[in-house]
Amino acid sequence: MVKFSKELEAQLIPEWREAFVNYWHLKKQVKKIKVLKSTQKNININECHDDHNNNSNYYFGRSIFDPIRFLTNKLVSSANNVYNSEHHKTDLIQVKRKCLDGEEDQEIYETELAQLFSQEDETAAAKICPAPPSSARQILPPLGHLLPGPPITPSENDNEGIGRMNNSESRIDISETTEAIASLEKNGINFTNLGTRTKTKKGKPKMAMRIDIPVTTPTRTISALTSMLWEDLVNNPKKEGHGEYINRKKIQCAEKMIRGAFVELYRGLGLLKTYSTLNMVAFVKILKKFDKVSNQQASASYLKAVKRSHFISSDKVVRLMDEVESIFIKHFANNDRKKAMKFLRPHHHKDSHMVTFFVGLLTGCFVSLFSVYAILAHISGIFSPTKGTVYMETVYPVFSVFALLSLHLFMYGCNLFMWKKTRINYNFIFEFSPTTALKYRDAFLICTTFMTAVVAAMVLHLILRASGFSPSQVDAIPGLLLMVFIVFLVSPFDIFYRPTRYCFIRVIRNIICSPFYKVLMVDFFMADQLTSQITLLRHMESTACYFLAGSLRKHQFETCHSGRLFSELAYVISFLPYYWRAMQCARRWFDECDSTHLANMGKYVSAMVAAGARITYSRQPHYDPLWFSIVLVTSVVATIYQLYWDFVKDWGLLNPKSRNTWLRDDLILKNKSTYYVSMGLNVVLRVAWVETVMGFRIGAVESRLVDFLLASLEVIRRGHWNFYRIENEHLNNVGKYRAVKTVPLPFRETDSDG
C-alpha cells in the first residue's frame with residue numbers, strides 16, 4: 001500500500017505546490033506532539049515511582065475505598081470534559097468575511113481549539129523544549145492557510161495566473177456564458193481581442209465578428225496582409241446587415257484555436273478539481289493523525305465547517321466540465337464522445353520495460369564494439385602521424401557528427417531524468433503533448449542506437465580497409481550511414497518516434513526562418529543548443545564537400561580546405577547559430593516590446609565578433625600581436641557577457657538579497673553547494689576557447705582530436721546549463737501559479753452600423 005505522502009507528492013500540481021496543504025510539515029509537528037507526550041508519560045511514571053518510594057512509610061497496601069475513589073475521579077473528569085467541549089464548541093471555528101486589497105470579499109477561517117493538554121503537561125513540555133508545539137493552534141494553523149484557493153498573481157501586462165475560487169453566493173445568477181468566460185480567464189487562459197457585447201448607435205446589438213489570426217508564421221503574415229486588403233478594399237460592406245467576407249482558411253484556423261482553448265479550459269478545470277480533492281483528503285488524513293496522537297476529537301468540528309465551505313460544497317467546476325464536454329462533443333467531434341475524449345482526456349503511454357531492456361542491450365553492444373574499434377585502430381595505426389592524415393580528413397568528420405549528436409542526446413536524456421526526478425514540468429514549459437513527448441528512457445534508447453550503429457560502421461570500415469578493398473568503396477560507408485539516418489528522420493511512417501522527429505524538423509525550420517516565425521520556448525531553447533554545436537556544423541560542411549564535390553573518390557581532401565569559398569563558408573557557419581539566436585531576440589522584442597531581449601541580442605552579436613576574430617587569427621601564417629590582442633579582448637568581453645547572462649538571467653542566481661547567499665530564494669536542489677560547484681564548472685568550460693589561441697605545436701591528427709574533445713566539453717556544458725535554465729523557468733511559472741497555457745481567441749467585434 002502506497003503511503004499517502006508519496007501519493008500526494010505524485011499527484012499534486014507542481015506550479016500550485018505552495019497553495020496545497022503542507023502535509024509534510026504538519027506531519028512533522030504531529031510527530032513532535034507524540035514525542036512530547038511519550039516524554040511526559042515517562043516523567044509522570046518516574047515522579048509516581050519517586051513519590052511511592054518517598055511515601056512508602058505511609059502506604060502499606062491497598063484500601064477497600066480505592067474502587068470508590070477511582071469511580072469518583074473518573075466521573076468528575078468526564079463531567080469536566082463534557083463541560084469544556086460544550087463551552088468551546090461554538091468557538092472552535094469562526095468563518096469571517098474580509099475584503100482584501102483590490103479583491104472582493106473572501107471567507108477567512110479562524111480556528112480556536114480547546115486546550116489539548118493539561119496545564120501540568122504544558123509546564124513539563126516547557127521544561128523539555130523551550131518552545132514546544134503544545135497546543136493545536138501551533139500545530140494546526142488557520143484553515144485559510146491550510147486550504148487556500150489557488151492564489152491569483154497577475155502579471156504586469158495581462159491577467160495571467162490561476163484565479164481564486166470565489167466563495168460569494170451572489171454569483172449564482174450569472175449567465176452560463178459569463179461563467180465560462182470568467183472560469184477560462186481565472187485558469188490562466190487569456191482572451192485577446194475579445195470585445196464586450198455592446199450596442200450600436202441605433203440600439204442594435206453588435207453581431208458582426210472579425211476573425212484575427214495571430215501572425216506567427218510567414219504564411220500567416222502574407223495571408224493576413226492580403227486578406228486585410230481584400231476585405232477592406234474589395235468586400236467592404238456598404239449597407240447595414242451585410243456581413244464581412246471570411247475565407248475558408250480563416251475559419252479553419254479559428255476553429256483550431258477555439259478547440260485548443262476548450263482543451264485548455266477543460267484541463268484547467270480538471271486541475272482545479274484535483275486541487276480541491278487532494279487538499280480535502282490531506283486535511284482529513286492529518287486531522288486523523290492529530291486526533292490519534294493527542295487523544296482529542298477535534299476533526300469532526302473542523303470537517304463540519306470545511307465541508308460547508310464553498311471550496312468543498314460547490315459543484316461549479318464539475319458542471320463546467322460537463323458543459324465543456326457537451327459543447328466539445330457537439331461542435332468539434334460530430335457527436336462522437338470517444339473522439340472528443342481523445343482531445344480532452346488523452347491517455348498517457350506507460351513506460352515499457354522493453355525500452356529499458358534495449359537500452360541496456362545496446363549499451364553493452366556499444367561498449368563491446370568500441371573496444372574492438374580501439375584495438376583495430378591501434379593495430380592499423382590510423383591515428384599515427386604518417387597514416388592517419390587521410391583518415392582524419394575524410395572519414396573522421398562524418399563519424400564525429402554522429403558522435404557529437406549522440407552525446408547531445410545523452411545529455412538531453414540526463415536532463416529529462418533530472419527534470420522528472422525534481423518534478424519540473426518540462427512538457428508544459430516546452431508545450432509538448434504529454435502523450436507523444438520524449439521520455440528519458442526514449443532519449444537514452446535513441447542515443448544508444450545511434451552510437452551502436454556508428455561504432456559498428458567504424459569497425460566495418462576498418463575491417464574492409466584492412467581486407468584490401470579500394471578506398472573509394474570503403475570510404476562510402478560513412479556516406480551510406482548518413483543517408484540512412486536522413487531517411488529515418490523524414491520517414492512518414494509512424495515508427496521510431498515520428499511525432500518527435502517531425503517536431504524536431506518543425507523547430508529547425510522555425511530557427512532557420514527566424515525572425516519570420518513567432519518564437520516559442522522550444523525554438524530559442526533549440527537555437528541555444530545549436531550555438532554549442534558549431535563544430536558539428538563545420539564537420540557537416542566538410543562532409544558535404546567530400547560527397548558532393550567528388551573529392552572522396554579522388555582522395556584530394558585539400559580541395560575542401562583551400563580556396564575562397566571554403567574560407568567564406570567557415571565564417572558563415574560559425575556565425576549562423578548566433579545570427580539565428582539574435583534574430584529570435586529581435587522578434588521577441590518586436591512582439592513583447594521588452595528591451596531585455598535587445599540586451600540578449602547583444603550577447604550573441606559579441607559572440608559572433610569573437611568567433612570571427614578567432615577564425616581570422618587561426619589562419620595567420622605567423623604570430624600576429626595585433627590579431628592576438630583583438631582575439632583576447634573580444635573573447636574576454638563575450639565570455640563575461642555570457643557568464644553574466646547565464647548566472648543572472650538564465651539561471652536567476654547571484655542575487656545579493658537572497659536568503660540563500662548569492663543564489664536565489666527558491667531552490668529545487670536541496671544541497672546549496674551544488675549550485676556553487678555548477679557555477680564554477682560553467683566558468684571553467686566557458687573559457688575553453690583559451691586553448692585555441694595559445695598556439696600549441698601539435699600534429700594534424702592530435703589537433704583534430706583536441707577539437708573533438710573541446711566540442712564534447714561544450715556539449716557537456718550545454719547539457720549542464722539546460723537543467724538550471726528550465727529550473728528557473730519552472731520556478732517563474734510556480735511564482736505566477738501558471739499551470740495552463742495562454743490561448744488567444746481569434747475574434748474581434750466590429751461595428752455593424754456600416
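Keep in mind the model is a prediction, meaning the values are calculated, not measured.
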Crowding at [atom1], [X] (>12 non-hydrogen neighbours, <6.0 Å):
{"X": "M679", "atom1": "CE", "answer": "yes"}
{"X": "W589", "atom1": "CH2", "answer": "no"}
{"X": "Y676", "atom1": "OH", "answer": "yes"}
{"X": "Y579", "atom1": "OH", "answer": "no"}

Any donor-acceptor pair under 3.5 Å linking the side-chain atoms of [Y] with those of [X]?
{"X": "W689", "Y": "T639", "result": "yes"}
{"X": "D523", "Y": "Y517", "result": "no"}
{"X": "N682", "Y": "D646", "result": "yes"}
{"X": "Y266", "Y": "R345", "result": "yes"}

Once you measure the plane-to-plane angle for [X] and [Y], does it fall in the parallel (<30°), tilted (30-60°) or perpendicular (>60°) bin?
{"X": "Y440", "Y": "F417", "value": "perpendicular"}
{"X": "Y275", "Y": "W16", "value": "perpendicular"}
{"X": "W419", "Y": "Y426", "value": "tilted"}

Minimal non-hydrogen separation, [X] against [Y], with atom names:
{"X": "S574", "Y": "I534", "result": "O-CD1, 3.7 Å"}
{"X": "A437", "Y": "N427", "result": "CB-OD1, 3.2 Å"}
{"X": "N733", "Y": "R738", "result": "OD1-NH1, 2.5 Å"}
{"X": "A739", "Y": "R267", "result": "O-NH1, 2.7 Å"}
{"X": "P346", "Y": "T435", "result": "CB-CG2, 3.4 Å"}
{"X": "I630", "Y": "T634", "result": "O-OG1, 2.7 Å"}

Which of these passes side chain to side chain contact (heavy atoms under 4.5 Å, CB included) with F428: H730, M521, K741?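 Of the listed options, the one satisfying the test is K741.
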Under the side chain to side chain contact (heavy atoms under 4.5 Å, CB included) test against L731, which residue among L667, I424, I668 passes?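 When L667, I424, I668 are each tested with L731, the side chain to side chain contact (heavy atoms under 4.5 Å, CB included) holds only for I668.
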Please assess T422 against F723 for the test side chain to side chain contact (heavy atoms under 4.5 Å, CB included), listing each intermediate value before the final yes or no. CA-CA 10 Å; T422 54; F723 173 79; 4.0 Å; yes
Euclidean distance, [Y] [atom2] relative to [X] [atom1], rounded to 0.5 Å:
{"X": "L409", "Y": "L416", "atom1": "CG", "atom2": "CG", "result": "10.0 Å"}
{"X": "R587", "Y": "Q584", "atom1": "CZ", "atom2": "CD", "result": "10.5 Å"}
{"X": "W721", "Y": "Q529", "atom1": "CH2", "atom2": "CD", "result": "6.5 Å"}
{"X": "E541", "Y": "I573", "atom1": "CD", "atom2": "CD1", "result": "3.5 Å"}
{"X": "I258", "Y": "F262", "atom1": "CD1", "atom2": "CZ", "result": "7.5 Å"}
{"X": "T500", "Y": "I505", "atom1": "OG1", "atom2": "CD1", "result": "11.0 Å"}

Determine, using ring centers only, whether F343 and F332 are less than 6.0 Å apart.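 That pair fails the under 6.0 Å test.
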Test salt bridge (Lys or Arg N to Asp or Glu O under 4.0 Å) applied to R725 and E729, step by step: CA-CA 6 Å; R725 176 66 182 89; E729 188 71 21; 3.2 Å; yes
Would R659 and D666 pass as an ion pair if we require N to O under 4.0 Å?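 Yes, R659 and D666 are salt-bridged.
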The criterion is side-chain hydrogen bond (donor to acceptor under 3.5 Å, both in side chains); which residues satisfy it with D594, sequence neighbours excluded?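 Only T596 meet the side-chain hydrogen bond (donor to acceptor under 3.5 Å, both in side chains) criterion with D594.
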Show every donor-acceptor pair shorter than 3.5 Å between a side-chain atom in residues 604-616 and any protein atom, with sequence neighbours excluded, or say none if there are none.
from, atom 1, to, atom 2, distance (Å)
Y604, OH, D528, OD1, 2.7
Y604, OH, R581, NE, 3.2
S606, OG, G602, O, 3.4
S606, OG, K603, O, 2.6
R614, NH1, S635, OG, 2.9
T616, OG1, Y571, OH, 2.6
T616, OG1, G612, O, 2.9

